[in-house]
Amino acid sequence: MSTINPFESAMLQLDNAAQYVAMGDTLEILKQPQRILNVTIHVKMDNGKTKIFQGYRVQFNNARGPYKGGIRFHPQVSLDEVKALSFWMAMKCSIADLPLGGGKGGVIVDPKTLSVSELERLSRGYARAIADNIGPTKDVPAPDVNTTGQIMGWMVDEFIKLQPKKLTKKETLKLRSTFTGKLIADGGSEGREEATGLGGLFVLQACLLKMKLSGKLTAAVQGFGNVGYNIAKFLYEQGFTVVAVSDSKGGIYNKEGLNPEAVLASKKKTGSLKASGKEITNAALLELPVDILVPSALESVITKVNASKIKARVILEMANGPIASEADTIVYKKGIVVIPDVLANSGGVSVSAFEWEQNLKGQHWTKKLVNARLKAKMERAVDDIWAMSKKIKTDLRTAAFVVALGRINKAMK
Ligand code: NAD
């Protein structure tokens, strides 16, 4: 794990990119969130006792539109982490050229220790705690680690209940745009579930075309949750040889390739990945000699300790912040092309933005239309960032931040 706190890491990235943009005072403004909500949530537990949970909502910047970003339920949530994630959301929405700003939320909790009804009361309590500061034109939360479409459904229901005046059916439906990542029955979008993985595939394919890298490419994927499983499945379907996948308990390796769908089916049956290949540790997976390494689980898994041992040609950062900033230069100097998180995983927020737009317009788009719009958005983002990296002769992360900052800076002037 990195010793640098995530917000310090984010600010180093900001300073680095700011060298290429004439920002003036905007730079100082972007060093702090516009608003931090620090909330306590009182939850009646099944045993009748009340437990108090600590939550946050950080609204980083709304120059380009309402704040947008997920809510994380995790025991290690900290204010610095939520601040960093909200900053990255502002960058990500700008990179994908969405009319949205950046925000993020979190609650310090291990949801695995809660019953379903306790989880529902916590989710509703969190929605009540931040209700005054959210809404379709203010701040639009979504799921993140350990939060689901069902949880978004509870939150949006609670938010709608709190409205002071009686709403018409049309107004109620429109107000569902306050949360995205909802189940389809609650006004969710087709394609949201797999959007981050599919967006990652579109980004990777567009980058490989620019790099003129083709043929039978190998990939290793760390993490086998929503993002890891979906990107592994799409890579497999597109003819990549997925030689390794992993989850929190460890990974599996097969030189001939794994079929992620079969691995998931086996994991569901046996409770572990083990039955599908030779066991490999998460640390060893990162150091495999593959073409594409896809960290899709946690922050800061590549640090100055292991960066020099990475052998991949391309790292597709599907997780947020998997390369600690202290390791970025080491990886860059090795000639590895890093496709940064703010670009690679922006498919999720893009389809979230489509969901918001559909709710506001009272529409429901087909999956074909959602995916076509996603592909166009991801390819456009790659084109913009690739061109910037050539123009200013930097890595893609710096170029992505420069593109994002340029747009935010313009909106703030
Ligand atoms: P998830 O909870 O569905 O899955 C996380 C996966 O990581 C699980 O398979 C878990 O077993 C694995 N994992 C946990 N600890 C691990 C460890 N020490 N080593 C290896 N694997 C480990 O979460 P997710 O939604 O897939 O999110 C993963 C990452 O992608 C996070 O960084 C998240 O912020 C980012 N992200 C998610 C989305 C989205 O739409 N879900 C969008 C953008 C970014």
Side-chain angles (χ1 to χ4, degrees), residues 1 6 68-77 81-82 84-89 91-93 95-96 98 102 104-106 110-112 141-149 151-152 180-182 188-189 191-200 203 220-233 244-252 260 263-264 267-268 271-274 279-286 293-303 306 316-324 339-355 374 378:
M1 283 283 157
K68 181 92 196 82
I71 299 162
R72 179 173 289 202
F73 283 1
H74 197 277
Q76 257 97 53
V77 160
E81 181 190 62
V82 184
L85 290 165
S86 68
F87 167 77
W88 286 321
M89 282 309 298
M91 296 297 120
K92 206 180 291 187
C93 290
I95 285 164
L98 303 169
K104 200 82 183 187
D110 179 357
K112 288 182 194 138
D144 189 61
V145 174
N146 290 329
T147 50
T148 59
I151 291 176
M152 294 306 111
T180 62
K182 304 180 293 289
S189 177
R192 174 62 185 88
E193 184 74 18
E194 65 271 36
T196 307
L198 187 59
V203 167
V221 180
Q222 184 187 54
F224 206 57
N226 174 299
V227 176
Y229 167 70
N230 278 302
I231 185 78
K233 185 183 73 137
V245 298
S246 70
D247 63 15
S248 57
K249 294 184 193 138
I252 47 164
V263 174
L264 182 66
K267 181 178 166 172
K268 278 188 179 153
S272 124
L273 297 172
K274 280 184 201 164
E279 281 183 60
I280 183 172
T281 63
N282 264 299
L285 180 145
L286 295 171
L293 177 63
V294 193
S296 314
L298 304 173
E299 278 132 53
S300 302
V301 290
I302 299 174
T303 64
N306 62 354
L316 180 69
E317 289 190 322
M318 293 304 293
N320 281 314
I323 304 182
I339 305 175
D341 49 5
V342 281
L343 170 65
N345 68 30
S346 64
V349 70
S350 297
V351 175
S352 267
F354 298 163
E355 180 178 334
L374 175 64
M378 297 294 96

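One-based numbering, in listed order, for ligands and for the atoms of each. As a basis for the values below, the full set of heavy atoms in this structure was taken, side chains included, without hydrogen atoms, waters or symmetry mates. For the single chain, residues carry numbers from 1 onward in sequence order.
The distance criterion of under 3.5 Å between nitrogen or oxygen atoms is not met by Val145 with respect to ligand 1. Of the polar atoms of Ala319, none of the N or O atoms is found under 3.5 Å from an N or O of ligand 1, judged by distance alone. Taking any N or O of Lys92, backbone or side chain, none lies under 3.5 Å from an N or O belonging to ligand 1.
By the 4.5 Å heavy-atom criterion applied to side chains, Leu273 and Lys249 are not counted as neighbours. Side-chain atoms of Lys233 and Leu264, non-hydrogen and from C-beta on, never get closer than 4.5 Å to each other.
The nearest pair of heavy atoms linking Met318 to Ser296 is CB-OG, 3.6 Å. Of all heavy-atom pairs between Met152 and Thr180, the closest is CG-O, 3.4 Å. The minimum heavy-atom distance linking Pro322 with Ala319 is given by the pair CD-O, 3.2 Å.
Nearest-residue assignment for atom 33 (C) of ligand 1 (options Ile231, Leu85, Asn320; heavy-atom criterion): Asn320. The residue among Pro295, Ser248, Gly348 with a heavy atom at the shortest distance from atom 10 (C) of ligand 1 is Ser248.
Using a distance-only test at 3.5 Å, with no hydrogens or angles considered, no donor-acceptor pair links the side chain of Asp341 to the main chain of Ile323. Remark: the backbone N or O of Glu194 is not paired with any side-chain donor or acceptor of Asn230 at under 3.5 angstrom.
Using a 4.0 angstrom heavy-atom cutoff, Lys249 does not count as in contact with ligand 1.
At a heavy-atom distance under 4.0 Å, only side-chain atoms of Asn282, from C-beta outward, approach ligand 1. Contacts between Leu298 and ligand 1, counted as non-hydrogen atom pairs separated by less than 4.0 Å, involve the side chain only. The side chain of Thr196, and not its backbone, has at least one atom closer than 4.0 Å to an atom of ligand 1 (non-hydrogen atoms only; side chain from C-beta on). Contacts with ligand 1 closer than 4.0 Å are made by no heavy atom of His74, backbone or side chain.
Arg192 is linked by a side chain to side chain donor-acceptor pair (under 3.5 Å) to Ser352, counting only residues two or more places apart in sequence or in another chain. In this structure, the side-chain contact (heavy atoms from CB on, under 4.5 Å) partners of Glu81, at least two apart in sequence or on a different chain, are Pro6, Arg72, Val77, Ser78, Leu85, Glu299.
Heavy-atom contacts of Ser296 reach the following atoms of ligand 1: 28 (C), 29 (C) (cutoff under 4.0 Å). Close contacts between ligand 1 and Arg72 involve ligand atoms 34 (O) [criterion: under 4.0 Å to a heavy atom]. Ligand-side atoms of ligand 1 in range of Asp144: 34 (O), range being under 4.0 angstrom from any heavy atom.
In this structure, atom 8 (C) of ligand 1 lies nearest to the protein heavy atom Gly225 N, 3.7 Å. Scanning all protein heavy atoms for the shortest distance to atom 37 (C) of ligand 1 gives Val227 CG2, 3.4 Å. Here the heavy atom of the protein found nearest to atom 3 (O) of ligand 1 is Asn226 N, 3.0 Å. For atom 21 (N) of ligand 1, the nearest protein heavy atom (residue, atom name, distance) is Asp247 C, 3.3 Å.
Within 6.0 Å of the CD atom in Glu193, the count of heavy atoms belonging to other residues, nucleotides or ligands does not exceed 12.
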**Request:** Evaluate the criterion side chain to side chain donor-acceptor pair (under 3.5 Å) for residue pair Asn320 and Lys92; output intermediate values, then yes/no.
**Result:** CA-CA 11 Å; Asn320 281 314; Lys92 206 180 291 187; 3.1 Å; yes
